[in-house]
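Atoms within a ligand are numbered from 1 in the order they appear, just like the ligands themselves.
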Amino acid sequence: MNTNARGSLIRPLPLPASASRPVVTPLSPSVAYASDTPDALDAQYEGRVQGYTYSREGHPNADVVAARLDAMEGVRGGIVTGSGMAAVTATLLGLLQAGDHVIGGNQLYGRSLRLMTDDLPRLGIATSLGDPCDVEAIRALIRPQTRLLLIEAVSNPTLRVADIDGLAALCREAGILLAVDNTFTTPRGFQPFAHGADIVLHSITKLLAGHSDVMLGYVAARDPDLAERLRVFSISTGLSPSPFDCWLAERGLLSFDLRFDRAQATAARLADHLATLPGVTRVIYPQRTDHPDHARARALLGDQGCNMVSFELTGGRAAANAFARAAEGLSFAPTLGDVGTTLSHPASSSHRGLTPQNRAALGLSEGFFRISVGLEEPEALMRILTDAVAAATSVTG
Ligand SMILES: *Cc1c(COP(=O)(O)O)cnc(C)c1O
């Protein structure tokens, strides 16, 4: 190439020639994509050729992640968004309008609940919340204006398993869209489209990316018209993801299956171990026969118990403090799905806004903890939990 002829031009820089290809998806941070001619741009906008224009509207790193998740969920045309909440926002605000009514599971992710109860009414969209384990309770909330039901397959942190087959039948009968937030269960644990969901969404931030270093979401619709509405809404409202985040998420996804299998195998062992410890009054794990929804968990999740275990200690806040202090090496942090095990205490974090009575109704005492099991050696985790539970019980005497 003749650099003299280019004078002081800045772009585009020529890429070094290579007859071979990279094995890793290249990171494409370019905001804009140059076309040859106005005719070429027409062809792109009219869909006759595939091409990128401006990265808010789409870029290769987002499309690579979306294609992987589409394959895992068994759908086409899903989109990646800048966070899990952006995917929730696209679902609710992109598909509903003033005058509509939406129903949510009463134990949805806390921010989803706040969006539904604090923001949707301001925009003229009415919200009701109900127990997704009880189809008749949800049926009783349906109005002529009801357009959508948003649920999670397994609730946080009490790990109740929704009656998805019953709810899907109800939604079909009533002409309501069923949207499932599949963050907890992941497509390896549960495939909502195969159970009648119309929309599936994720916080990629959690198990799918898996390393607590990237925040992204995903949403897909079975109906191509709905998928297109989600895509256009997310572009217009700027919910688009960054190329670097997508690139990191793709890297995380490469090991997702292995991480998930390992974490849930360890979770099952930890659940059984916790149940043997004096001072632990209750262990919640869907694959245990003492779980209130055990039969439904077997039917919906098969042998996939997922990586979350909840349990309750005797004693109040003092015992909880002693447990968290003694659980050395486990991060006491408000997330889940990391390669490292994390511990959450709903009464002081996700559910602190509830009255003690409302927390008690959900079974969330001061002694209630949720563990997101990571990839540590199971024996090491069992030792840590044994010691931490012993430290907690010594406080209560
Ligand atoms: C974390 C989470 C979200 C929100 O995702 P962000 O990526 O944090 O915005 C939504 N739903 C569930 C179930 C979550 O755990």
Closest non-hydrogen atoms of W247 and N61, given as atom of the first, atom of the second and distance, are CD1-ND2, 3.7 Å
In this structure, atom 4 (C) of ligand 1 is nearest to the protein heavy atom Y109 CE2, 3.4 Å
Between the side chain of D163 and the main-chain N/O of D134, is any donor-acceptor distance below 3.5 Å? no
**Prompt:** So, S18 and S20: side-chain donor and acceptor under 3.5 Å apart, yes or no?
**Reply:** yes
Within the 3.5 Å criterion, strictly below it, is a donor on S240 or H59 matched to an acceptor on the partner's side chain?
no
protein heavy-atom neighbour closest to atom 6 (P) of ligand 1 works out as G84 N, 3.3 Å
For T183, the ligand 1 atoms with a heavy-atom partner under 4.0 Å come out as 11 (N), 12 (C), 13 (C), 14 (C), 15 (O)
Short version for K206: what comes under 4.0 Å of ligand 1, heavy atoms counted, is side chain
for atom 9 (O) of ligand 1, nearest protein heavy atom and its distance come out as M85 N, 2.9 Å
- prompt: Do T53 and Q44 have side-chain atoms, one donor and one acceptor, less than 3.5 Å apart?
  reply: no
Counting from 1 in the order shown, the ligand 1 atoms closer than 4.0 Å to a non-hydrogen atom of E152 are 13 (C)
Next item on the list: Indicate the ring-plane relationship of F311 and F369, choosing parallel, tilted or perpendicular according to the 30° and 60° boundaries.
Entry: parallel
Numbered in order shown, the ligand 1 atoms found under 4.0 Å of a heavy atom of S83 are 7 (O), 9 (O)
In this structure, atom 11 (N) of ligand 1 is nearest to the protein heavy atom D181 OD2, 2.6 Å
In this structure, atom 7 (O) of ligand 1 is nearest to the protein heavy atom T205 OG1, 2.6 Å
Quiz item: Linking I/L/V/M/F/W/Y whenever any side-chain heavy atoms sit under 4.5 Å apart, do L330 and L274 land together?
Solution: yes
